[in-house]
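Notes follow the structure.
Treat the numbers as computed from the prediction; the structure is a model and nothing was measured. Read the numbers this way: they start at 1 and go in the same order the structure lists the ligands and their atoms.
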Amino acid sequence: MHILVCGGAGYVGSHACLALSRAGHEVTVLDNMLTGHREAVRWGPLVDADILRPETLDAAFNRKVDAVMHFCARSLVGESVTDPYAYYQNNVTGTLNLLEAMKRHGVDKLVFSSTAAVFGNPVSAVIDEEHPKTPINPYGASKLMVERVLADAATAYGLRSVALRYFNAAGAAADEGIGESHEPETHLIPNALKAAAGEGAGLKVFGTDYPTPDGTCVRDYVHVLDLADAHLRALDWMQREAGAHRFNLGNGNGFSVLEVIEAARKVSGRDIPYEIAPRRAGDPPVLVASSRQARERLGWSPKFERVEPIIETAWAWHKAPAY
Ligand code: UDP
């Protein structure tokens with residue numbers, strides 16, 4: 001198949017391009033290159049376009065597109081609290097522009113990057129697809145709005161879609177020359193590894209007064225290549241299944257911020273100094289997935305189940321980043 005990967009120059013998108021190419025698909029990347037990396041566009045041509053400028057999108061559909069994977073998004077919880085307009089603009093309006101372009105060009109299959117942030121504060125130990133959706137930050141709210149749009153589009157236009165709700169994406173394919181590189185970096189694992197390498201302004205632990213065993217937030221870390229694999233399975237799924245579907249993607253294991261720092265210390269063999277800082281706005285205390293549906297229905301089975309092997313791949317990238 002020929003897949004249009006929107007946001008394919010970014011972190012999860014570039015790993016999806018790698019997985020698509022390994023599986024024998026053809027890839028075209030659409031990216032505005034504001035946060036993407038030219039060096040990460042390795043598996044197909046780049047169309048320089050922007051989902052916020054609808055008139056730029058048609059060029060990406062010059063060749064017949066069999067399905068779209070949509071990774072273009074703003075995805076920082078804290079930033080979404082301070083700049084919600086940017087989040088609703090990019091994540092909702094931008095996605096509508098892309099959906100309209102797909103409709104114009106007769107493309108009826110979409111894999112959409114959604115997030116655990118659609119759930120808000122969990123009311124059960126693990127979060128399955130039926131868990132109540134009450135996002136506590138604009139990022140999660142913007143993604144939930146798109147999930148609703150996709151359900152309506154299935155009814156109205158016959159759009160087939162799979163929304164994949166990532167828990168915490170981490171790790172890298174360093175041997176393939178791609179990995180996580182954000183400026184500024186806000187995510188825990190890369191920031192812990194920076195601290196291990198003696199780089200950056202110093203690691204902060206945001207909040208030690210959460211209702212968790214050690215007081216720090218608990219997250220479910222999932223390897224970016226396992227996420228990419230779920231996208232391939234979602235493509236297959238849409239060949240068979242009409243409608244709008246949603247799957248949670250995580251390992252089902254929660255690690256606290258302090259446990260992640262300890263794992264990063266072991267992996268890197270370096271001390272990781274940190275200071276305690278106030279809570280970051282918009283952070284729920286615990287997010288741990290039940291991915292039973294993805295396992296049973298998509299046949300998804302993550303290769304990286306524990307956080308240490310995930311951090312090992314992130315450390316390999318950190319020691320020799322290609323960009
Ligand atoms: N976190 C932290 N220090 C950092 C970055 C993150 O303490 O430098 C915490 C953050 O508050 C959250 C967890 O680590 O509880 C995971 O945050 P991250 O930004 O990696 O992912 P998110 O859960 O926001 O998608």
Side-chain angles (χ1 to χ4, degrees), residues 10-12 35 71 73-84 87 91 113-122 127 135-144 164-172 179-224 227 248-251 253-265 268 272-289 307 310-311 313-315 317-318:
Y11 173 45
V12 187
T35 55
F71 299 92
R74 288 184 174 245
S75 61
L76 303 179
V77 167
E79 185 188 59
S80 80
V81 175
T82 54
D83 195 4
Y87 276 70
N91 298 0
S113 302
S114 191
T115 171
V118 300
F119 295 109
N121 286 323
I127 299 174
I136 60 165
N137 54 61
Y139 169 54
S142 71
K143 292 285 186 172
L144 187 59
L164 296 176
R165 297 178 182 138
Y166 314 156
F167 280 60
N168 283 62
E180 186 168 16
S181 175
H182 299 113
E183 194 51 58
E185 187 52 76
T186 65
H187 293 107
L188 176 61
I189 290 176
N191 277 348
L193 296 177
K194 274 188 172 178
E199 301 158 10
L203 178 64
K204 291 192 166 76
V205 171
F206 297 131
T208 52
D209 58 347
Y210 284 97
T212 60
D214 67 17
T216 65
C217 287
V218 171
R219 293 289 181 274
D220 182 341
Y221 294 87
V222 53
H223 198 281
V224 64
L227 293 180
N248 294 356
L249 299 178
N251 277 306
N253 303 312
F255 295 89
S256 74
V257 173
L258 294 180
E259 285 170 337
V260 168
I261 294 171
E262 173 57 17
R265 190 191 64 73
S268 64
I272 301 188
Y274 62 84
E275 63 182 88
I276 308 291
R279 290 183 179 196
R280 191 175 70 176
D283 277 341
V286 181
L287 290 171
V288 179
V307 79
I310 294 176
I311 295 175
T313 69
W315 182 235
W317 166 254
H318 189 90

Counting heavy atoms only, which part of [X] comes closer than 4.0 Å to ligand 1: side chain, backbone, both or neither?
X	result
Arg279	neither
Thr216	neither
Val257	side chain
Ile189	neither
His187	both

Which of the ligand 1 atoms, numbered from 1, are nearer than 4.0 Å to a heavy atom of [X]:
X	value
Thr186	5 (C), 6 (C), 19 (O)
Val205	7 (O)
Leu203	8 (O)
Asp283	10 (C), 11 (O), 12 (C), 15 (O)

Any donor and acceptor pair, going by atom type alone, linking the side chain of [X] with main-chain N or O of [Y] inside 3.5 Å?
X	Y	result
Asp214	Ser256	no
Asn248	Arg165	no
Tyr87	Leu76	yes
Asn91	Ser142	no

task: Using only heavy-atom distances, determine whether the side chains of Tyr139 and Glu79 contain a donor-acceptor pair under 3.5 Å.
output: no
Protein contact of [atom] - nearest heavy atom, named by residue and atom, plus distance:
atom	answer
atom 20 (O) of ligand 1	Leu188 N, 2.8 Å
atom 15 (O) of ligand 1	Cys217 CB, 3.0 Å
atom 8 (O) of ligand 1	Asn191 ND2, 3.1 Å
atom 24 (O) of ligand 1	Arg280 NH2, 2.7 Å
atom 3 (N) of ligand 1	Lys204 O, 2.7 Å

message: By the side-chain hydrogen bond (donor to acceptor under 3.5 Å, both in side chains) test, which pairs, at least two apart or in different chains, include something from residues 277-287?
response: Asp209-Arg279, Arg280-Asp283
task: Give the single entry among Thr115, Asn168, Thr208 that approaches atom 22 (P) of ligand 1 most closely by any heavy atom.
output: Asn168
query: If hydrogens are left out, which of Phe206, Phe167, Tyr139, Phe255 has an atom nearest to atom 2 (C) of ligand 1, that is, the closest non-hydrogen atom?
result: Phe206
message: Using 0.5 Å steps for rounding, measure from the NE2 atom of His187 to the CG atom of Leu193.
response: 13.5 Å
statement: Rounding to 0.5 Å, atoms CG (Asn121) and CD1 (Ile136) come to a distance of 4.0 Å
message: Checking Thr313 now: which residues fulfil side-chain hydrogen bond (donor to acceptor under 3.5 Å, both in side chains) with it, not counting sequence neighbours?
response: His223
task: On the 0 to 90° scale, with breaks at 30° and 60°, tag the Tyr11-His182 ring pair as parallel, tilted or perpendicular.
output: perpendicular
